[in-house]
Amino acid sequence: MAEGKSVGIIGMGDMGKMYARRISDAGWRVNACDIPEKADLLKKEFAGRTNVHILPNGHLVSRCSDYIIYSVEAKNIDAVVRMFGPSTKLGAIVGGQTSCKAPEIAAFEQHLPSDVHIVSCHSLHGPGVDPKGQPLVLIKHRASDESLALVERMLSCLNSKHVYLTAAQHDRITADTQAVTHAAFLSMGAAWMANKQFPWEIPRYLGGIENVKINVTLRIYANKWHVYAGLAILNPSAQKQIKQYAESVTELFKLMLGGHRQELADRIHKAGAAVFKDDNDHDLLLEDEVLDRFSLGELPEPEQRVKNNHLSLLAMVDCWWKLGIVPYDHMICSTPLFRMWLGITEYLFRKPDLLEECIDTAINDNTFRADDLEFTFAARDWSARVSMGHFDGYREKFEEIQEYFAPRFPAATKLGNEMIKTILEKTSEEK
């Protein structure tokens with residue numbers, strides 16, 4: 001039951017709206033705002049909720065709210081907090097929902113009054129995913145125990161699993177679990193567009209691992225570009241990891257082109273041994289039945305299945321190995337997309353016959369060579385745009401590819417939601 005306190009939300013994007021609905025359903029008063037042009041639409045959207053109050057600006061939200069959440073793009077956090085932070089209610093608590101906490105915390109420290117408590121948060125999933133059981137990071141940066149307890153009560157309506165981290169820990173873990181995952185799927189989409197392919201229409205891209213690649217790639221491109229750009233560009237750990245992924249893709253592809261089978265095999269097995277240790281005796285996160293269930297196209301007959309070297313997955317494990325990352329260490333803070341990516345990567349590396357088939361295919365079969373070339377170009381291009389800190393360049397490339405795949409987003413989103421639900425059920429059994 002609400003305690004006469006109120007939650008302010010500055011920035012009513014999809015995640016801000018999800019928070020507003022859940023928090024208001026729990027009985028708390030919600031004061032919210034977005035840019036002035038959206039005010040009338042927001043008032044209509046929330047007209048049936050008497051405890052959601054759409055206000056003209058962040059000054060009014062800040063003056064009357066006990067816990068203020070900045071749900072804005074990471075690249076804009078400093079400017080928005082600079083504008084509205086000084087209006088924060090005396091003794092209130094402030095937090096943010098950005099994916100990169102370093103600039104967020106810096107903005108809070110610089111622009112908030114000294115009496116304001118800072119308890120930040122981050123739901124590690126998209127707005128279309130049920131938050132129940134999902135990780136919700138809480139960061140007690142400058143606050144009393146009482147302030148943290150109030151935030152916990154206010155956000156308990158999400159039914160998420162609370163994970164307590166520092167801002168620095170959050171940024172390192174989100175880089176480990178999200179940055180390279182996103183880069184891999186973004187590169188797949190860029191490669192398919194460059195080859196003028198719709199992979200669900202090509203039999204060699206259907207079934208098993210390919211289903212996850214297609215569905216998650218489309219799921220990412222169906223989202224807003226800034227969701228991924230902020231994490232990649234503003235998080236120094238993320239930049240390093242995306243750069244290493246591009247290097248791993250390039251180096252493995254060169255070994256394939258040169259026909260260096262033994263060197264390729266040695267490197268892949270060494271990376272796999274480091275990431276998927278021999279004592280890792282849990283069941284696979286994903287099995288054939290789950291992988292084949294979610295297809296945007298008609299599955300080919302088993303004898304018609306085309307072998308793939310899965311360069312994107314081989315490079316991921318190589319990247320983790322080079323960076324000393326053991327992905328299982330961060331499962332408690334993992335996103336649904338990361339769990340799917342880890343699931344298909346684990347599936348490949350813990351099936352020796354399939355892994356050997358990949359190596360043989362990489363050396364002897366040119367079927368996917370053009371695809372691998374474009375994938376390598378794409379991985380290097382995304383890394384370059386991230387390293388330059390080029391938000392406009394990131395957005396331009398993202399939205400071009402987004403437009404190319406847009407007609408299939410509804411079907412892919414539906415399948416993706418079903419796949420996420422299945423995989424979350426599976427991974428929860430493993431905990």
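Fair warning: this is a prediction, and the values are worked out from it, not measured in the lab.
- Under the rule for a side-chain contact (heavy atoms from CB on, under 4.5 Å), the partners of V72 that lie at least two apart in sequence or sit in another chain are I77, V80.
- For S99 against H170, the heavy-atom pair with the smallest separation is O-CE1, 3.2 Å.
- In terms of modelled atom types and a separation under 3.5 Å, the side chain of S24 and the main chain of R21 share a donor-acceptor contact.
- Taking all atoms of both residues into account, the shortest heavy-atom contact from Y67 to V94 is CE1-C, 3.9 Å.
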- Item | Audit row: F253, F375, ring pair (Phe, Tyr, Trp, His ring centres under 6.0 Å) steps and yes/no | CA-CA 10 Å; F253 184 52; F375 180 77; 9.4 Å; no
- Apply side chain to side chain contact (heavy atoms under 4.5 Å, CB included) to the pair L354 and E356, showing each step before the final yes or no. CA-CA 5 Å; L354 180 58; E356 288 306 307; over 6 Å; no
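- Applying the side-chain contact (heavy atoms from CB on, under 4.5 Å) test to F377 and every residue at least two apart in sequence or in another chain returns L373, E374.
- Side-chain polar atoms of Y328 and E346 form a donor-acceptor pair below 3.5 angstrom.
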- Could you check D176 against R172 for salt bridge (Lys or Arg N to Asp or Glu O under 4.0 Å), going step by step and ending with a plain yes or no? CA-CA 6 Å; D176 287 356; R172 176 55 196 272; 3.0 Å; yes
- Residue pair K243, E247: steps toward the salt bridge (Lys or Arg N to Asp or Glu O under 4.0 Å) verdict: CA-CA 6 Å; K243 183 174 184 292; E247 291 175 357; 2.6 Å; yes
- Item | Verdict with supporting geometry, E104 and K101, salt bridge (Lys or Arg N to Asp or Glu O under 4.0 Å) | CA-CA 5 Å; E104 176 187 300; K101 294 304 179 186; 3.0 Å; yes
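- Scored by the side-chain hydrogen bond (donor to acceptor under 3.5 Å, both in side chains) test, N364 finds no partners at all (sequence neighbours excluded).
- With values rounded to the nearest 0.5 angstrom, T345 atom OG1 is found 9.0 Å from L314 atom CG.
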- Message: For a side chain to side chain contact (heavy atoms under 4.5 Å, CB included) check, start with the C-alpha distance between T361 and N308, then their side-chain angles and the critical distance, and finish with the verdict.
- Response: CA-CA 6 Å; T361 303; N308 190 340; 5.7 Å; no
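- For the side-chain hydrogen bond (donor to acceptor under 3.5 Å, both in side chains) test, no residue two or more places apart in sequence or in another chain qualifies with Q402.
- D40 pairs by the side-chain hydrogen bond (donor to acceptor under 3.5 Å, both in side chains) definition with nothing, not counting sequence neighbours.
- Applying the side-chain hydrogen bond (donor to acceptor under 3.5 Å, both in side chains) test to pairs two or more places apart or on separate chains, those with a residue in residues 382-391 are D381-R385.
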- Item | Steps toward side chain to side chain donor-acceptor pair (under 3.5 Å) verdict (Y404, Q197) | CA-CA 10 Å; Y404 179 77; Q197 294 171 338; over 6 Å; no
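- Within 6.0 Å of CD on E396 lie no more than 12 heavy atoms contributed by other residues, nucleotides or ligands.
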- Message: Does D372 form a side chain to side chain donor-acceptor pair (under 3.5 Å) with N309? I'd like the steps, not just the answer.
- Response: CA-CA 9 Å; D372 291 336; N309 60 50; 2.7 Å; yes
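- Residues satisfying the side-chain contact (heavy atoms from CB on, under 4.5 Å) criterion with C319, sequence neighbours excluded, are V180, Q244, Y245, S248, L323.
- Scored by the side-chain hydrogen bond (donor to acceptor under 3.5 Å, both in side chains) test, H111 finds D78 as partners (sequence neighbours excluded).
- N235 and Q239 share no side-chain donor-acceptor pair at under 3.5 Å.
- Ring planes of F405 and W192: perpendicular class, angle over 60° (limits at 30 and 60°).
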- Evaluate the criterion side chain to side chain contact (heavy atoms under 4.5 Å, CB included) for residue pair S312 and V249; output intermediate values, then yes/no. CA-CA 7 Å; S312 60; V249 170; over 6 Å; no
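- Among residues two or more places apart in sequence or in another chain, the ring pair (Phe, Tyr, Trp, His ring centres under 6.0 Å) test is passed with H59 by F84.
- In this view, R22 and D130 satisfy the salt bridge (charged side-chain N to carboxylate O under 4.0 Å, His left out) rule, not counting sequence neighbours.
- Here A74 pairs with T98, L234 under the side-chain contact (heavy atoms from CB on, under 4.5 Å) rule; sequence neighbours left out.
- Within the model, atoms OG1 of T217 and CZ of R219 stand 12.0 Å from one another, a figure rounded to the nearest 0.5 Å.
- At a threshold of 4.0 Å, the pair K213-E210 counts as salt-bridged, since one of the basic side-chain nitrogens sits closer than that to a carboxylate oxygen.
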- Message: Before you tell me yes or no, could you show the steps for Q178 and Y228 under side chain to side chain contact (heavy atoms under 4.5 Å, CB included), namely the whole-Å CA-CA distance, both residues' side-chain angles and the distance that decides it to 0.1 Å?
- Response: CA-CA 9 Å; Q178 296 184 50; Y228 310 104; over 6 Å; no
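- Note on ring orientation: taking the six-membered ring where Trp is involved, the planes of H162 and Y164 are perpendicular (angle over 60°, cut-offs 30° and 60°).
- Considering every non-hydrogen atom in both A107 and V81, the closest pair reads O-CG1, 3.7 Å.
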Could you tabulate the donor-acceptor pairs under 3.5 Å formed by side-chain atoms of residues 12-20, not counting sequence neighbours?
from, atom 1, to, atom 2, distance (Å)
D14, OD2, K224, NZ, 3.2
K17, NZ, E45, OE1, 3.1
Y19, OH, Q97, NE2, 2.6
Y19, OH, S123, OG, 2.6

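- A cation-pi contact, defined as under 6.0 Å to the ring centre and within 45° of the axis, links K351 to Y347.
- Residues V61 and I9 have side chains not in contact (no heavy-atom distance under 4.5 Å, counting atoms from C-beta outward).
- Ring-plane geometry between W225 and F391 is classed as perpendicular, the angle between the planes exceeding 60 degrees on a 0 to 90 degree scale with a lower cut at 30.
- Crowding of E403 atom CD: a count of heavy atoms from other residues, nucleotides or ligands under 6.0 Å not exceeding 12.
- Once rounded to the nearest 0.5 Å, the distance linking CG of L264 with NZ of K254 reads 14.5 Å.
- Looking at N31, its side chain never comes within 3.5 Å of a backbone N or O of I54 through a donor-acceptor pair.
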